[in-house]
Each structure stands twice: as structure tokens, then as C-alpha cells.
Protein chains: 2
Amino acid sequence: MSDEDTRTRILTSAGPIFAEKGFAQATVREICQAADVNVASINYHFGDKERLYIETVRCAHRLRVEAVQLPAWTETTTPATKLRGFVRMLLGRMLEQAETPWQSQLMLREVLNPTSACRELVEEHFRPHFEMLAGIIRELAPMALPSYQVHQICFSVVGQCLYYRVAWKIVTILESDAALATHYSIDKLAEHIAQFTLSAVGAGSMFPMAGTPDNNKAID
Amino acid sequence: MSDEDTRTRILTSAGPIFAEKGFAQATVREICQAADVNVASINYHFGDKERLYIETVRCAHRLRVEAVQLPAWTETTTPATKLRGFVRMLLGRMLEQAETPWQSQLMLREVLNPTSACRELVEEHFRPHFEMLAGIIRELAPMALPSYQVHQICFSVVGQCLYYRVAWKIVTILESDAALATHYSIDKLAEHIAQFTLSAVGAGSMFPMAGTPDNNKAID
DNA sequence: CTTGCCATCAAACAAATGTTTGATATACTT
DNA sequence: AAGTATATCAAACATTTGTTTGATGGCAAG
């Protein structure tokens, strides 16, 4: 890590720090120490702290766009399976903190606290995923829907996932420890959200013995 | 406002400032200037900045608990109507920024970025609402459900609402201006979320001419 | 009146933070 | 070899921040 360009050393060191503490709480000295460069380097290479931050976000989502392969399904994959896969991916990306790359954290920060780097991030990174989800929803729905409705359903899906990321603390307080240990793994939560959504759009039921035929366990 | 006790003047001035900028970004000088008191007053009356913050959060939710009346329904009110009312209240509380009292902002901040004041806030303020929502879900569901499942459905409802609060910026980028103007009012969004949820738990359908009988427009 | 307590105040303090400066070394050009 | 542009560095700078200090004034009890 120490034979790289100073500029890139700063960028890669700034990433995790900005991701963890946010723009204001991260200090240039901390970043420079992590990068093992002089404090003046940031101002020399980037002008000021803010421009470093924007560059870092740009860099983060560029790395992320390359790393994340949108799941490729065969043409026989059922939309329900696609939805399950999509939700699992989304939730996994948000929750597995340990392995969560700093890029994801930084991007989430940009969602909750948008700066000037936000628009670019949405257009290049979120919109493709959003459109993919919208496509799945259209496949699932029993009829053609106006796009605003498809979009709102997408937001409902994403919102359910995001909740466990931003309000996890609340969940742990409201729910019992036993239930948390048993029913709140990433896989269990993804299954709940997918099932809830499938049921909402009329492509299955949440309940094993509901009136409608049990077509929610198809293929998979 | 200037004849009150200094201590309460600080508390009421600190509220909106902490709510808007968060703990770290708010400065004691700013708070003291707003309260028209000496900078030393905070340390004299509260010890330090952090204890002032905790007191402010406590004060916020105490005021809020009194102000917010849980909607009282008659015993003939259908659970679907209750859910619509609940979602509308939740979403309204989160979105009407203009009139949003600083207490709500501060509480949201505590959700997203929990401090030691969080647990007390959840127990005294959120849990009653949560239990009420859980009761509605139990009424709606076609069969008895394990409580963890009821809770997860509650989280799905709250998550859908919270999304428009924390990621509104993303919504405005992803959705067209025309659709935003037409279909993203608080009432429209509340209706979508309620309908989505009703459909998910098998108490209605999102689609006017779906296979199941259209029992989602009952009474209301 | 004096004493002691309490609240308030201006001023100072110490630490942290983003940025700038001027020197120094390295590498490339002429 | 001389000169020039570039990158790096330690040090200093100017602000801002939370906190402390010592003085001042009011006020009730003795």
C-alpha cells in the first residue's frame, strides 16, 4: 500500500474514514496518518477537504459499479425467484456490516445526507438497480401498472430493507432477544420482505393456508 | 421567552438546534446565543454539552408524548380503516417538514444515530405506537400469527414510511417531476402504503380487478 | 450590617482542526 | 552542469470548540 501514488493512497485511506464518521467528523489529520502522508498533501492534491470528499464518493461508487454484478438470471427464472434474489442481495449489501466494504457505507451516507455527489451516485449506481427491480415488479403484477405505481412498489421494497439498516437499534429494543436470534438473520428477513411483497402484488400469499392457491414456493 | 428560568431557556433553545444539526455539529455558543445566556451557563446547569443533549432528548419526547394523542377509534371501525389512519399519521408526522416540530426531528436523529437517550425514547414513545400497530395487524391477518411475524410486518409498514423521510432526495431524483407532483403527496403515499400492506396480509388487493373479491374499499 | 450562597458574566484556556508557508529533495529538461 | 517544475515535509497559523476561572451582583439568613 505504500508504493502507490500519494493521491490514491489518500483516496483509499479517506474512504473508510469518511464512511465511518461522515464528512464533518472525519479529520484530515486522521486521514493523512492512515495514508502515511503529510497533512499538507490533501490540500496539495485535492485543494481542500470537501473536494477530497467528493472525489472519494466518486471513487467509491466507481469501484462499486465494477464490483457489483447485477445477478444474471436465465430466461426461465420466475419473477418471484428474481425478487427473492434481488431482496437478498439488497439486504445483504446493507446488513453484513463485517464484510461491508466502506464503499457501501459511504454511499448510504450519501443517501441519508446528500451532498453534491449524490445525483451522480444515483444516476450511475442506483438507477440501474432500481430499473431492474421495476422490471421484476412489472413481471409480477397481474396487470399493466402505471409507472408511478411500479416505482412506489419499488420504494416499498427498498424501504423495508433500508429500515433494518438505519433503525436496527430500534428493532433490537422492540423485539425480544430470543426472536432476534431465531428470526432476524439476513436470510430470514429477506424471505419475509420478499414474501410480503409477493403477497402485496398478488403473486403469492404470506400464509400457508390462505384462500388463494399456494403458488409462492414455486421453483426456487 | 426571556423571563423564564435560564435552565429552561437553554433547553428550549437547544432543542431546535440539536434537531437540525445533530449533537456534534451544534455548538454551545450557538445554543447560548439563541437562549440569550452566557456560554458558561450550559456547564453550570448541565455539567457538559452531552448531558445537555440527553436532557434535551428527554424533554423532547416528554413534550411529544403529551401532544400526540393516539387516534381513538370506535369499536365498529374496521381494522383496514385503522391501518389507513395509522399509516397516514405516521407518514404525516415524518413528512410535513414545515410544521414538523423540532421534537420529531430530534427523535428521528436518535433513531438513525442512537445515543444513550435512545432506549428510554423507544420504551416510552415508540413502543406504545408499535403495539398499537401490532394490534391492527393481528386484527387484519386471516389467522393467528407468531408475534415475530407480526413484528416484522410492523417493521415493513414503518420501513415503507421511513423511507420517504430518509431517502426523499433519492426519490426525487429517480421519479419524474410530473409523477412527483401528482402521486407523491402525503395522502397518496399513505394510501399506497396502506393498500400495499393490506394486500400483503391478505386483507384486500392492490388492483381493482384482481382475482380475489374486491373487499378493500369497505366502509372507509 | 455582615455573611454565605447562588446565578451570571466576561475573559481566558487548552485542545483540535483546516489550511498555508517556506524549505528541501528529486527528477526531468536544456 | 545548471535550471526548473514537482512532490513532500515540518512547522506555523488562524479559527473554532468545549470548558474553566475569578469577579460581580443579588438576596436571604443570622
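Note that the structure is a prediction, hence the values are computed from the model and not measured. Below, read A as the first sequence line, B as the second, and so on, with proteins coming before strands; counting in each chain starts at 1.
Atom-to-atom, CD of Gln33(B) to P of dA10(C) comes out at 12 Å; the value is rounded to the nearest Å. Distance, Ile42(B) CD1 to dG18(D) P: 8 Å, rounded to whole Å. We find that CG of Asp36(A) is positioned 12 Å from C1' of dT8(D), with the value rounded to whole Å. Across the protein-nucleic acid pair, Asp48(A) atom CG and dT19(C) atom P stand 5 Å apart, rounded to whole Å. Rounded to an integer number of Å, the gap from Lys49(B) NZ to dT17(D) P is 9 Å. Counting to the nearest Å, the P atom of dA7(C) and the CG atom of Asn43(B) are 15 Å from each other. Computed from coordinates, the Phe23(A) CZ to dT17(C) P distance equals 13 Å when rounded to whole Å. Atom-to-atom, OH of Tyr44(A) to C1' of dA10(D) comes out at 17 Å; the value is rounded to the nearest Å.
Nearest-nucleotide assignment on DNA chain D puts the 5′-proximal partner with Val37(A), out of Val37(A) and Arg29(A). Judged by closest nucleotide on DNA chain C, Arg7(B) is the one of Thr27(A) and Arg7(B) placed further toward the 5' end.
Classification of Arg58(B) and Glu55(B) as a salt-bridged pair holds, one side-chain N sitting under 4.0 Å from a carboxylate O.
Contact annotation for Ala26(A): backbone-only contact, meaning every heavy-atom pair under 4.0 Å involves sugar-phosphate atoms and none involves a base.
For the OP1/OP2 pair of dT6(D) and a distance below 4.0 Å, the side-chain nitrogens and oxygens of His45(A) include no atom meeting the criterion. Contact annotation: Thr6(B) side-chain N/O to dT8(C) OP1/OP2 distance is under 4.0 Å.
Crowding of Glu30(A) atom CD: a count of heavy atoms from other residues, nucleotides or ligands under 6.0 Å exceeding 12.
Side-chain to base pairing of Asn38(B) with dA7(C): no donor and acceptor N or O lie closer than 3.5 Å to each other.
Taking the six-membered ring wherever Trp is involved, the centroid distance between the rings of Phe155(B) and Phe130(B) falls below 6.0 Å.
A donor and an acceptor atom, one from each side chain of His61(A) and Gln103(A), are nowhere located under 3.5 Å apart.
Distance check: Arg84(B) CZ to Glu191(B) CD gives 5.0 Å after rounding to the nearest 0.5 Å.
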